[in-house]
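Some notes on the structure that comes next.
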There are 2 protein chains.
Amino acid sequence: MKLITRNTDYAIRALCFIARKEGKVVAVPELVKALAIPRPFLRKVLQGLTKKGFVRSYKGIGGGFMLAKAPGRIYIIDVAGTFQGPLRLNECFLKKEPCPNRKVCCLKKRIDRLEKYLSSELGSITIGELLKG
Amino acid sequence: MKLITRNTDYAIRALCFIARKEGKVVAVPELVKALAIPRPFLRKVLQGLTKKGFVRSYKGIGGGFMLAKAPGRIYIIDVAGTFQGPLRLNECFLKKEPCPNRKVCCLKKRIDRLEKYLSSELGSITIGELLKG
DNA sequence: CTAAATGATACCATGTTAGTATCATTTTGT
DNA sequence: ACAAAATGATACTAACATGGTATCATTTAG
Ligand code: FES
Ligand code: FES
């Protein structure tokens, strides 16, 4: 049972590293050295972060990535969502169809409660906070 | 992002159904009819539950399955653990090796806290409670 | 002895995760 | 103009996990 996959994890680490450089443009080679993440994979992850507007990218010599928002406004649940889709702890299906029990299922109710909690907890963690740690 | 997979879900539903039969032995055909779960898959799930001691099985004509514990003592986190391994929200690895940051990583600390909460919440739900719902 | 059940096990199909490879495009410095 | 250094886009592959099947062996009630 896991919740956070590799690309999300890498993304968070990269964002933290970039954030610490406050305003400087950071290129992939530097990130690879610092974080020991496989280069092509890291590139893919960064492209994802760029598309979703977490970072801004600059091409050409001297190019690289910069945060597009203040670190305190980058919520890790959104980063996770970018790579893993929305949080949905229990997708109960009955042979590809949505489960007919859904309305009454008591387990679902409790899991939904858990999901809300998890989501609000994860929703309160920002890159900015991680840096302080 | 999901946390509960199909076999766990099926297991829980089967346990609930068996629990409601209080002491009677329930065979696969009856479960298949009631729960609309593919038969061979359900068999595999039940065999898992038997091995882990959640249910007792009886072979031969008139055989089937019975709860091996009181419904109030079957915790769904244990059921989930049977099929999905222990709860481990974030397994941060660096190229197959455990991450060297682990000791200081602030994100890990927060996720660990979340994990404890989740685990204690899930750990408080039993089959017995689900039946009341 | 047979029918009806589970036990054990091997297998298969699909989807997800993790990672690679390639080529196109942009930008800067000379 | 041009080469080098960066990202963009995209397609591909390998390994693993999930969901599900199939088969045969074993037990047991009648
Ligand atoms: S059994 Fe389907 S939602 Fe709970
Ligand atoms: S970066 Fe590895 S445990 Fe957080």
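Computed from a predicted model, the values in this text were never measured in an experiment. Atom set for the values below is all heavy atoms of this structure, side chains included, hydrogens, waters and symmetry mates excluded. Reminder, nothing fancy here: chain letters follow the sequence lines and each chain counts from 1.
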Short side-chain N/O contact to D:dG20 OP1/OP2 from B:Y10, under 4.0 Å: yes

Selection from C:dA21, C:dT6, D:dG19 that lies nearest to any side-chain heavy atom of B:S57: C:dT6

Nearest-Å distance for atom pair OH/P, residues B:Y58 and C:dG7: 11 Å

N/O (side chain, B:R6) to phosphate O (OP1/OP2, D:dG20) under 4.0 Å: yes

d(CZ, B:R39; C1', D:dG19) in whole Å: 18 Å

Euclidean distance, atom CD of residue B:E30 to atom P of C:dA4 [Å, nearest integer]: 16 Å

B:Y10 and B:R6 side chains, donor-acceptor separation under 3.5 Å: yes

Smallest separation among heavy atoms of B:T82 and B:K52, with atom names: CG2-CG, 3.4 Å

Separation of atom CG in A:L42 from atom P in D:dG8, rounded to whole Å: 12 Å

Touch class at under 4.0 angstrom, heavy-atom based, for B:K51 against every strand present: sugar-phosphate

Distance, rounded to the nearest Å, where A:L3 contributes CG and C:dT17 contributes P: 11 Å

Nearest-Å distance for atom pair CD/C1', residues A:Q47 and C:dA21: 13 Å

Distance in angstrom units between B:R43 CZ and C:dT9 C1', rounded: 11 Å

Side chain of A:P40 (C-beta onward), nearest among C:dA21, C:dA8, C:dA18: C:dA21

Closest nucleotide among D:dA11, D:dT21, C:dT27 to the A:I61 side chain: C:dT27

Residue B:P38, side-chain heavy atoms: nucleotide from C:dA5, D:dG20, C:dT17 that is nearest: D:dG20

Carboxylate-amine/guanidinium contact A:E121 B:R113, below 4.0 Å: no

Reference residue B:N7; test side chain to side chain contact (heavy atoms under 4.5 Å, CB included); the match among B:D9, B:I4, B:T5: B:T5

5' precedence on DNA chain C between A:N7 and A:K59 (nearest-nucleotide basis): A:N7

Whole-Å gap separating C1' (C:dT17) and CZ (A:F41): 7 Å

Sugar-phosphate, base or nothing in reach of B:G62, heavy atoms under 4.0 Å: nothing

Closest approach of A:F17 to A:A34 (non-hydrogen atoms, all atoms of both residues): CE1-CB, 3.3 Å

